[in-house]
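One structure below.
Note that the numbering runs from 1 along the sequence shown for the chain. Because the structure is predicted, anything quoted here is derived from the model rather than measured.
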Amino acid sequence: MNNSAKIEENNIYQYNIYKAKNTLWYFNDLIKSGFSDYNSVKFKNSEGVYVWLENVKIEENYYLGNLAENGNSQKILINDVIDWMIIDKGRLIGGYTIRHYRDTLDDEAKLNFDIDFGVMIDDGNDFFKPDSSTPEGVIIKIEDYYSAKNLEGVLSCKNFLKEAENLLIERNLMITEELVTEIAETLKVTFIQDLKENGFPYFKDIERKFTLKEEKEDMQLIEEKVIYQDGNITLNNLWVWCSKEREWSVLNLVE
């Protein structure tokens, strides 16, 4: 690995670090299950330099592996890792800091980087946990419920009261509890009716790439790039909202 590459630590970089942290569980599960192809984690050594530890094993709260630059064995805390990567059938999965650096290059430099790296770098696949702890996770969660045609599950991932409140704010109308409740009920009925008439969308056997497009107080606009097995791609832009209990809900789709 090239540890001398200069990476601009901007907001996009911070989001990539966030993605690496919140998908590390997937890497750990792979290692525990005996993943035998190339794997590596990135951490800051005692000299303050970010380095990669290769072909790791997990021992309690530690990774044990070999340093990429010299092959020396080292043991590090799992919590000290900022990035992870695997090479799966010649394809990079994870490697968020690598992707970030590559995205800053012009086309010629990017081509040379790919040749030197020797691995296919495409959109990858963002493995967030399908739960309400992250904006991306709750999107995956609701899509799993869609695929299972589980209406109750889908509704548990939504918040029509917040959607109603947003509509009133957008129209500069007075917000009252009664009006918010009335609009929320209408939104819910319309949403359910649409599912009954048009059917549940299906999200099995896909890959996802997430991008943070906008932040507003307790809301985020997340772009989900969905890659199907036949190569077709769709882009979903979704507002998600975080409650005081730090649980995320899916709001409206932005056309």
Can you sort out the partners of Asp205 under side chain to side chain donor-acceptor pair (under 3.5 Å), two or more places apart, ordered by chain and number?
none

Please assess Glu108 against Asn112 for the test side-chain contact (heavy atoms from CB on, under 4.5 Å), listing each intermediate value before the final yes or no.
CA-CA 6 Å; Glu108 182 178 354; Asn112 290 331; 4.1 Å; yes

Connected to Met219, directly or through other members, by ILVMFWY side-chain contacts below 4.5 Å are Leu221, Trp239, Trp241, Leu251, Val254

Could you check Asp83, Asp126, Asn16 and say which one makes a side chain to side chain donor-acceptor pair (under 3.5 Å) with Tyr96?
Asp126

Relative to the ring of His100, is the ring of Tyr13 parallel (under 30°), tilted (30 to 60°) or perpendicular (over 60°)?
perpendicular

Run the side-chain contact (heavy atoms from CB on, under 4.5 Å) test against Ile121 and tell me which residues pass, sequence neighbours left out.
Leu92, Arg99, Arg102, Phe113, Asp114, Phe117

Angle between ring planes, Phe191 versus Tyr146, binned at 30° and 60°: parallel, tilted or perpendicular?
tilted

With heavy-atom distances below 4.5 Å as the criterion, would you say the side chains of Asp88 and Tyr38 are in contact?
no

Do the side chains of Ile31 and Trp25 join up, straight or via other hydrophobic residues, at under 4.5 Å, putting them in one cluster?
yes

Consider only side-chain heavy atoms of I, L, V, M, F, W and Y, link residues closer than 4.5 Å, and tell whether Ile175 and Leu187 are in one cluster.
yes

Count I, L, V, M, F, W, Y as connected when their side-chain heavy atoms are under 4.5 Å apart, and connections chain through other members. Are Ile192 and Val189 then in the same cluster?
no

Count I, L, V, M, F, W, Y as connected when their side-chain heavy atoms are under 4.5 Å apart, and connections chain through other members. Are Ile93 and Ile58 then in the same cluster?
yes

What I want to find out is whether Lys209 reaches Glu223 closely enough, with some N-O distance under 4.0 Å, to be called a salt bridge.
no

Do the side chains of Phe43 and Ile78 join up, straight or via other hydrophobic residues, at under 4.5 Å, putting them in one cluster?
yes

Give me the ring orientation class for Trp84 and Tyr26: parallel if the planes are under 30° apart, tilted from 30 to 60°, perpendicular past 60°.
tilted

CG/Asn72: more than 12 non-hydrogen atoms of other groups inside 6.0 Å:
yes

N-O pairing of Glu136 and Arg208 below 4.0 Å
no

Which class fits the ring pair Phe210 and Phe128: parallel under 30°, tilted 30 to 60°, perpendicular over 60°?
perpendicular

Ignoring hydrogens and geometry, is there a side-chain-to-backbone donor-acceptor pair from Ser243 to Glu245 under 3.5 Å?
yes

For the NZ atom of Lys196 and the CG atom of Asn198, what is their distance to the nearest 0.5 Å?
13.0 Å

Does any part of the side chain of Ser73, heavy atoms only, come nearer than 4.5 Å to the side chain of Leu64, both counted from C-beta?
yes

Quick test of your reading of the model: are Asp80 and Lys44 salt-bridged, counting only N-O distances below 4.0 Å?
no

For Lys162, is there an ion pair with Glu217 - N to carboxylate O distance below 4.0 angstrom?
no

